[in-house]
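Okay, so here's the structure we're looking at.
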Amino acid sequence: VVRPADVVEVAAVVTACRAHHVAIVPQGGNTGLVGGSVPHEGEVVLSTARLALVGEVDRAGMTVVAGAGATLARLQAAARASGVAFGVDLGARDTATVGGMVATNAGGLNVVRFGAMRAQVLGIEAVLGDGTLVRHLAGLRKDNTGYDLPGLLCGSEGTLGVVTAATLRLVPSYDEVATAMIGFESVAAAVRAGAALVSGLEALNAVEIMFDDGLALVAAHLGVALPPASRAPAVLLVEAAAAEDPTADLADAVASLDGCVAEPAVARSAADRDRLWRLREAHPEAAAALGVVVKLDVTVPLGAIPDLHRRVRAAVERLAPAATVLLYGHVGDGNTHVNVVGPGVDSDAIEDAVLAIVVELGGSISAEHGIGVAKRRWLPRARSAGDIAAFRAIKRALDPDGIMNPNVLLP
Ligand SMILES: Cc1cc2nc3c(=O)[nH]c(=O)nc-3n(C[C@H](O)[C@H](O)[C@H](O)COP(=O)(O)OP(=O)(O)OC[C@H]3O[C@@H](n4cnc5c(N)ncnc54)[C@H](O)[C@@H]3O)c2cc1C
C-alpha cells in the first residue's frame, strides 16, 4: 500500500509502477460495492487517504476544490460552514471520498434535484496511467475548450488514472426541511406518486421507495416500532427542502396523490426526521445481518419498476425459495437496489436472472455503483460492441501498459 501525500508523489508512484510493470488499484474510502477498490492479483494499492485537503469555499463562484481523499462528510461540513451545500449525499458519507465518488460517478439521495457526481465536477486534476498530469481546476461554469476530461474520469473506476483533486459545484443550502413517509396500496401507485412528486414539487430533494417486508426486517434489526404509514405494500420517504418552510407545499403535493393507504408520517423535529431516514438507510445493514448479500443496483424506465419488482421476486422464489429479497431505492431516478440473502443463494444465478430481466426491460445493469469486478462479465450484454471498442481505445490511449485497475470494468 502506498500513501502519496501530493500529486507529485502520485505521479512518481505511477511512473515507478509503469517502469516495473506493476498494476495499481486506487483506493479511497473502500466503500464501493462492486469490488473495484481491492487488489485481486497482487496489485499495489494506491491509497488517497493523505490527499484530503478541502480548499476554501468560493462563495461567489459556488465552488470548492477538494482533494481526492477528502471524505464526503468533510466536504459537506466545509460547505455548511460557508452557508452552502454539496449536491450529492449518500449513506457512506463518513467514509466515501471525493476521488471514489468521482471514479464511480456516485449518485445517492439527491440526484432527482442536483444530478449525480458528473453534474458536480467542474474541473479535475489527475495522473493518467502513462504518468501524464492533467490539471484544469479553474471551475468555470462555461468552458468549451476541448474534450471533457472531468466527464471522462467520472465513472472510470480507476481504470484510466488516479484522480487527485476536483473542483466541485456547490448548491444553495436549503435549511428548511420537510420529511414525510407515505404508504401506498401497490408498487405501481407508489411509482406513479414518485413521478408526480418529481414533476410537481419544486423543492423535492429525495424520494425513496421501500416495501413492507424490508421495513419489517429493518424494524426488527433496529428494535424499533414502525409508524402506521409504513405498514403498506409500498412506502415512499419524501423530503423537500427550501429557503422557506416547504411543509405546506409538501402537504399539498401529498394530498393530490392517489393510492395512499394511511395518514402520512410527518417529521415534526430533526429527531423524527432522523428516525424516518434511519428506516431507509438501515436496509443494507439489516440485510447484512442475515449473511452474505448479493447486491445489485439497477435502473429501469419508471413505468417498468412494478414489472421489475414482480419478476425479480418471482425469479428469486424459483432459484432460492428460502432466501430473503430486499428491494429499495431512489424511485425518482428509476433506481432499485436488489439485495438477496439467505440459504441456497447462488450469486451468479441470481445475478444472471436479475440482470437479464433488467436488460429485457430496457434498463441499466449499474445505476450508480459501477461495473467493478462484480459486473464485468455482464458489460457486453449492457453495452454494444462499438461502445466497448471505444472504451478500449480510450483505455489504450491513457493507460498504454494497462496498469490502472486492470481487473475492473472492461471484460
Ligand atoms: C452504506 C453505503 C451506502 C451507499 N450508498 C450509495 C448511494 O446511495 N449511491 C452511490 O452511488 N453509491 C453508494 N454507495 C457506494 C459507495 O459509497 C460509492 O461508490 C462511493 O462513491 C465510493 O467511494 P470510496 O471513496 O469509498 O471509493 P472506493 O470504494 O475506495 O473505490 C471505488 C472505485 O473508485 C476507484 N477510485 C477510488 N478513488 C479513486 C481515485 N482517487 N482515482 C481514481 N479511482 C479511484 C477505485 O479503484 C474503485 O474502482 C454506498 C456504499 C455504502 C457502504
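Indexing begins at 1, ligand by ligand and atom by atom, following the structure's order.
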Near Q27 (heavy-atom distance under 4.0 Å), the atoms of ligand 1 are 30 (O)
So for H330 against ligand 1, with non-hydrogen atoms under 4.0 Å, the contacting part is side chain
Practice task
Verify whether one side chain among E125 and T164 offers a donor that lies under 3.5 Å from an acceptor in the other.
Solution key: yes
Per-atom filter on ligand 1: closer than 4.0 angstrom to a heavy atom of M101 are 21 (O), 23 (O)
Worksheet item: Quick one: are T336 and V300 in side-chain contact, heavy atoms under 4.5 Å?
Response: no
Flag V408 as yes when one of its N or O atoms lies below 3.5 Å from any N or O atom of ligand 1, and as no otherwise. no
In this structure, atom 36 (N) of ligand 1 is nearest to the protein heavy atom A103 CB, 3.6 Å
Ligand 1 atoms nearer than 4.0 angstrom to some heavy atom of G161 are 43 (C)
- prompt: Could R280 and E239 be called an ion pair, given the rule that one side-chain N must be under 4.0 Å from one carboxylate O?
  reply: no
>> Would you say N405 and E157 are linked by a side-chain donor-acceptor pair, where the criterion is simply a distance under 3.5 Å?
In response: no
Within the 4.0 Å heavy-atom cut-off, what N405 brings close to ligand 1 is side chain
R392 vs I388 side-chain heavy atoms within contact, under 4.5 Å: yes
Among non-hydrogen protein atoms, atom 9 (N) of ligand 1 lies closest to E368 OE2, 2.9 Å
Among N30, V45, V25, the residue with a heavy atom nearest to atom 28 (P) of ligand 1 is N30
Ligand 1 to A106, heavy atom cutoff 4.0 Å, flagged ligand atoms 11 (O), 21 (O)
Checking heavy atoms under 4.0 Å, the part of T48 that sits near ligand 1 is side chain
among protein heavy atoms, the one nearest atom 27 (O) of ligand 1 is G100 CA, 3.4 Å
Residue, atom and distance of the protein heavy atom nearest atom 47 (O) of ligand 1 read P26 O, 2.6 Å
Out of N335, L72, V163, the nearest non-hydrogen contact to atom 41 (N) of ligand 1 is supplied by V163
If you scan protein heavy atoms around atom 15 (C) of ligand 1, the nearest is T31 O, 3.7 Å
Within 4.0 Å of some non-hydrogen atom of A68, the atoms of ligand 1 are 41 (N)
Using a strict threshold of under 4.0 Å (side-chain N to carboxylate O), is an ion pair present between E285 and R278? yes
closest protein heavy atom to atom 50 (C) of ligand 1 is L33 CD1, 3.8 Å
re atom 21 (O) of ligand 1, the protein heavy-atom contact at minimum distance is T104 OG1, 2.9 Å
Atoms of ligand 1 under 4.0 Å from any heavy atom of G107, numbered from 1 in the order shown, are 10 (C), 11 (O)
**Message:** Can you tell me how the ring of F114 sits relative to the ring of Y174, calling it parallel under 30°, perpendicular over 60° and tilted otherwise?
**Reply:** parallel
>> Using modelled atom types and a 3.5 Å cut-off, is there a donor and acceptor pairing between side-chain atoms of N339 and backbone atoms of A287?
In response: no
Atoms of ligand 1 under 4.0 Å from any heavy atom of G108, numbered from 1 in the order shown, are 7 (C), 8 (O), 9 (N)
Atom 24 (P) of ligand 1: closest protein heavy atom, distance to 0.1 Å, is G29 N, 3.4 Å
- Is the closest N or O pair between P284 and ligand 1 shorter than 3.5 Å? no
Ranking G99, A282, A92 by closest non-hydrogen atom to atom 3 (C) of ligand 1, top hit is A92
For E157, the atoms of ligand 1 under 4.0 Å from one of its heavy atoms are 47 (O), 49 (O)
